[in-house]
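Some notes on the structure that comes next.
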Amino acid sequence: MTKFKRTLVTTALPYANGPVHIGHLAGVYVPADIYVRYLRLKGEDVLLIGGSDEHGVPITLKARKEGITPQDVVDKYHAIIKDSFEKFGISFDIYSRTSNKVHYDTASQFFRTLYEKGEFIEKESEQYYDEEAKQFLADRYITGTCPHCHKEGAYGDQCESCGTSLNATDLINPKSTISGSVPRMRKTKHWYLPLDKHEPYLRQWILEGHKEWKSNVYGQCKSWIDQGLQPRAVSRDLDWGVPVPVDGADGKVLYVWFDAPIGYISATRELTDDWEKYWKDPETRLLHFIGKDNIVFHCIVFPSMLKAEGSYNLPDNVPANEFLNLEGDKISTSRNWAVWLHEYLEEFSGQQDVLRYVLTANAPETKDNDFTWKDFQARNNNELVAIFGNFVNRSMVLTDKYYGGKVPSPAEFNDFDRETLGSIEGIVKRTEEALENFKFREAVKEAMNLARLGNKYLADTEPWKLIKTDEARVATIMYVSLQITANLAILTEPFLPFTADKLRNMLNMGGADWSLCGKTEILKPGHIIAEASLLFQKIEDTTIQLQLDKLAASKKANEAEAKTAAPARENVSYDEFTKMDIRTGTILEAEKVAKTKKLLKLKIDTGIDQRTVVSGIAEYFQPEEIIGRQVSILVNLAPRNIKGIDSQGMILMAEDADGRLVFVSPSEKVKNGSEVK
RNA sequence: GCCGAGGUAGCUCAGCUGGUUAGAGCGCAUGAUUCAUAAUCAUGAGGUCGGCGGUUCAAGCCCGCCUCUCGGUACCA
C-alpha cells in the first residue's frame with residue numbers, strides 16, 4: 001500500500017431498470033463504503049465513485065412495454081436507487097449516471113482514441129432488420145418459436161420457457177416486437193475489441209502480477225484466459241445509448257458493457273477537474289468493488305480497454321463478492337424475491353445500521369451466503385442490542401447516576417485497568433488489518449469485541465457494588481469504561497455510521513478522528529456527556545413474521561403465475577398438422593452421451609425401422625429405467641447431428657411447470673408404428 | 001463433460017509456507033450477577049475437518065479418485 005498516495009474506489013453501476021435490493025448492498029456498496037469511510041477517517045485521499053447504468057436493450061424494452069421513453073424509465077429508477085444509497089449512508093463522492101452529457105463526451109472520446117489507434121477490428125455480419133421500423137433488431141426485440149421446446153414467445157437471446165440461450169437466427173417464425181413484421185437478414189458493420197490481442201499481457205499482469213487477488217477472482221480470470229479470449233463487439237444497432245462517433249455509424253451505439261465502465265471515468269470528471277490525477281497518476285490505487293457476475297468485465301475487458309487507450313491506470317485489486325441468497329432462494333428481481341432497499345427504509349425506519357451490520361457480518365465474501373430474517377433478528381437482538389448497545393447504555397447510565405454525567409478523574413490504575421485499556425489497541429490494529437485486506441466480516445466482528453471487552457470489564461469490576469465502599473475506585477472504573485465507549489464511537493464509524501454519529505453526540509465528542517482510536521484518554525476528566533438514549537431497539541417476532549409473510553405471498557404469486565398455462569398458439573390448418581408424422585415406438589437401448597449433461601442416445605423401434613434419437617432428458621431419467629418404455633416420436637423431423645451422433649427424430653415430452661419432463665405415451669400398449677393423430 | 005470457487009461444531013465462518021489435545025461468534029446447558037433494552041460475565045457439552053485411497057516421522061492443509069453446492073462453458077430437435 002505504501003507505493004500509493006491516493007485511492008480511487010469504484011462500485012459496480014446498478015442497472016437502472018429496477019430498484020436495488022439487499023444483494024446489491026451486501027456485495028458491493030456496503031463493503032466499498034466501509035473501506036472508503038475507513039480511509040477517509042485516516043485522512044487519506046480517496047474518492048468513492050458510483051452511478052446508474054442507463055443504457056442497453058432491457059431498458060428500451062421496459063419503456064416500450066410501459067409506453068414511456070427510455071429516459072423516463074431511467075429517470076424513475078435512478079432517482080429511487082440514488083435515494084436508497086443516500087439513506088443507507090453509502091458515502092459516494094458522486095453518484096452519477098450514464099445518460100449524462102459528460103458521459104456521452106467521455107465515452108465517445110474514449111472510443112475515438114481506440115479507433116484512431118487502430119485498436120478495433122471492423123467486421124460485417126448478417127443480422128435481422130425490421131424494414132417497417134427501419135432498424136436492426138437486437139436479439140431481445142425478436143420473438144418467435146423456440147427451436148427447442150417449440151413454445152411461442154421465445155426471445156432472440158433466450159427462451160424463458162425452457163431457459164435455453166438462443167441465437168436470434170435459430171428462432172422459428174421470427175417476428176419483430178417493434179412492428180410485428182417479419183424481419184429480414186441484412187448486413188451490418190460492427191467494431192470489435194480484440195481481447196485475444198491483449199491475452200499475453202493479461203496473463204502476465206493478473207496471473208503473475210496479482211496472485212494476491214481473492215481466490216474466486218483469480219480463479220475466474222485464469223479460467224477465462226485459459227479458455228482463450230475472443231474479440232468482442234463494442235457496438236450495437238440500437239437507438240438508445242452513446243452513438244458510435246465515427247462516420248457511417250448511423251443507428252449504432254456503444255454496446256452497454258463498453259459504455260458502462262467508462263461511466264466510472266465520466267463520473268470522476270463530473271466531480272472534479274482534477275480527475276486525471278485519480279485515473280492516470282501511477283501513484284493512485286484503483287479498486288473496483290463488484291459482484292461475481294462482473295469479474296470478467298472488470299478484470300479482463302475493462303483493463304483491456306484501459307490498456308489499449310494507453311494513458312490510464314489498471315485496477316490494483318478487484319475485491320469481488322459472491323452472491324447473497326434470500327431465505328434459501330436466489331434473489332430475483334423478476335420473481336420479486338428480494339428485500340428492496342426502498343421498502344426496508346420505510347418498514348425499518350431509522351434502522352439502516354442494523355441492515356448494514358447484518359449484511360457485513362454475513363457478507364458473501366468467500367461463497368454465496370443466505371440472508372434470513374431470523375438471523376437478522378438474532379444479530380440485532382443478541383449482538384447490536386445486547387452487546388454493543390447495552391454496554392454503551394451501562395457506562396453512560398452509571399456515569400450519569402454516580403457523577404451527574406461528568407467524566408470522573410481516575411485514581412491510580414491497577415493491573416486489570418491497564419490490561420483492559422491496553423487491549424484496545426490490539427483490537428483497533430486487528431480491525432485495521434482486516435479492513436485493509438477487504439475482510440469486512442472479520443473487521444466488524446473485531447470491532448464488536450471492543451464492546452465485549454467493555455461488558456467484561458464492568459462485570460469483573462462491579463462498580464455498582466463498590467460505590468458503597470470505594471468511591472475512588474468507581475471513578476477509575478467509569479473513566480475506563482467511558483474511554484472504551486469513546487473508542488467504540490470511532491471504531492464503528494465505517495460499519496455503523498449512523499450509530500457512531502449518535503454515540504459521538506451522546507458523548508459530546510465531535511467528529512470521528514481515527515488517530516484517536518486506541519487512545520485511552522479521549523474523554524478528559526470533567527468532560528460533560530449528554531443523556532444516554534438507546535442505540536438499538538429489539539426487533540420483535542411479529543415484525544419478522546410480517547416480513548416472512550410478505551415473502552410467502554411473493555412465492556405464492558410466483559407459483560400461481562407458473563400454473564397459468566401459456567396461451568394457445570396461432571391456428572394451423574389440418575393439412576399443416578398432418579405433415580407431422582408422429583408414431584408410437586419403443587425404447588430398445590439407452591445410454592448417456594459422453595461429456596454431456598443432458599443428452600441420452602436412444603435406439604427406438606418405430607415399427608417402421610430401428611433408429612437412433614438423441615434426446616435432452618438425461619437430467620430426469622436414468623438410461624436403464626426407460627428401456628422398454630413406449631413413447632411418441634416425431635419420425636419425419638429432419639435428421640440432425642448432435643455431438644457426433646445422427647439423431648433421427650424427436651421424442652415427445654410434456655414439460656411440467658418446474659421444468660420436469662414426462663413422457664407422452666399411449667395409455668395402453670399399442671403396436672409400434674401406430675400413428676398418433 | 002470441461003474450467004473455476006466452495007463443502008470444518010445445530011447455524012455463520014477462521015484456520016499462515018503440513019507440526020503439540022482443530023478455533024471464534026451465535027444457539028444450547030450449567031453457574032455467577034443485577035448497573036443495564038431478562039441485557040451481562042464464567043464454565044461446559046457438541047466436530048471420523050464431504051467420502052475413499054496415497055505421500056510423510058507428521059495432513060483440515062500436499063497428491064489421486066469419487067460425491068454434493070454455486071458460477072462459467074458445451075450440449076437439449
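Sequence lines set the chain letters: A, B, ... in the order given, protein chains first and strands last, and positions in each chain run from 1.
Residue A:Ser215 places at least one side-chain N or O closer than 4.0 Å to OP1 or OP2 of B:rG6. Within the 4.0 Å cut-off from OP1 or OP2 of B:rG15, at least one side-chain nitrogen or oxygen of A:Lys439 is found. When the side-chain nitrogen and oxygen atoms of A:Ser647 are compared with OP1 and OP2 of B:rC76, none of them lie within a distance under 4.0 Å. In terms of phosphate contacts, A:Lys538 brings a side-chain nitrogen or oxygen within less than 4.0 Å of OP1 or OP2 of B:rA39. Applying the 4.0 Å criterion to OP1 and OP2 of B:rA39, one finds that A:Arg394 has every side-chain N and O outside that range.
Ring geometry for A:Phe440 against A:Phe289 counts as tilted: the plane angle lies between 30° and 60°, on a 0 to 90° scale.
Between the P atoms of B:rG46 and B:rU37, the separation comes to 37 Å (whole Å). Taking atom C1' on both B:rA58 and B:rA22, the two are 15 Å apart, rounded to the nearest angstrom. For B:rC35 and B:rC49, the C1' atoms lie 43 Å apart once the distance is rounded to whole Å. Comparing the same atom, C1', in B:rU30 and in B:rU21 gives a spacing of 24 Å after rounding to whole Å. On the P atoms, B:rU48 is 8 Å away from B:rA9, given to the nearest whole Å. Comparing the P positions of B:rU56 and B:rC63 gives a spacing of 16 Å, expressed to the nearest Å.
Here B:rU33 is the nucleotide among B:rU37, B:rU33, B:rA74 with the atom lying nearest to any side-chain atom of A:Trp464. Of the candidate nucleotides B:rA36, B:rU40, B:rC41, B:rA36 has the atom lying nearest to any side-chain atom of A:Lys401.
In summary, the aromatic rings of A:Phe348 and A:Trp373 are positioned with their centroids under 6.0 Å apart. In this structure, A:Phe388 has its ring center no closer than 6.0 Å to that of A:Phe495.
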Check the interface with nucleotides 25-30 of chain B: list each N/O to N/O pair with the protein under 3.5 Å, or write none.
unit_1 : atom_1 : unit_2   : atom_2 : d
B:rG25 : O3'    : A:Arg452 : NH1    : 3.2
B:rC26 : OP1    : A:Arg452 : NH1    : 3.2
B:rC26 : O3'    : A:Asn382 : ND2    : 3.3
B:rG27 : OP1    : A:Asn382 : ND2    : 3.1

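Classification of A:Glu433 and A:Lys429 as a salt-bridged pair fails, no side-chain N sitting under 4.0 Å from a carboxylate O. A salt bridge links A:Arg203 with A:Asp226: at least one charged nitrogen is closer than 4.0 Å to a carboxylate oxygen.
Using a 4.0 Å heavy-atom criterion, one finds that A:Asn390 contacts the bases of the nucleic acid, with or without backbone contacts as well.
Listed by residue number, the members of residues 296-303 of chain A with any heavy atom below 4.0 angstrom from RNA chain B form an empty set.
Checking B:rG18 for Watson-Crick or G-U wobble geometry (two distances, each under 3.5 Å) identifies no partner in any strand.
For the pair A:Lys292 and A:Phe323, the cation-pi test (distance below 6.0 Å, angle within 45°) is passed.
With 3.5 Å as the limit, one finds no donor-acceptor pair spanning the side chains of A:Tyr402 and A:Glu471. A donor-acceptor contact closer than 3.5 angstrom is absent between the side chains of A:Thr420 and A:Asp417.
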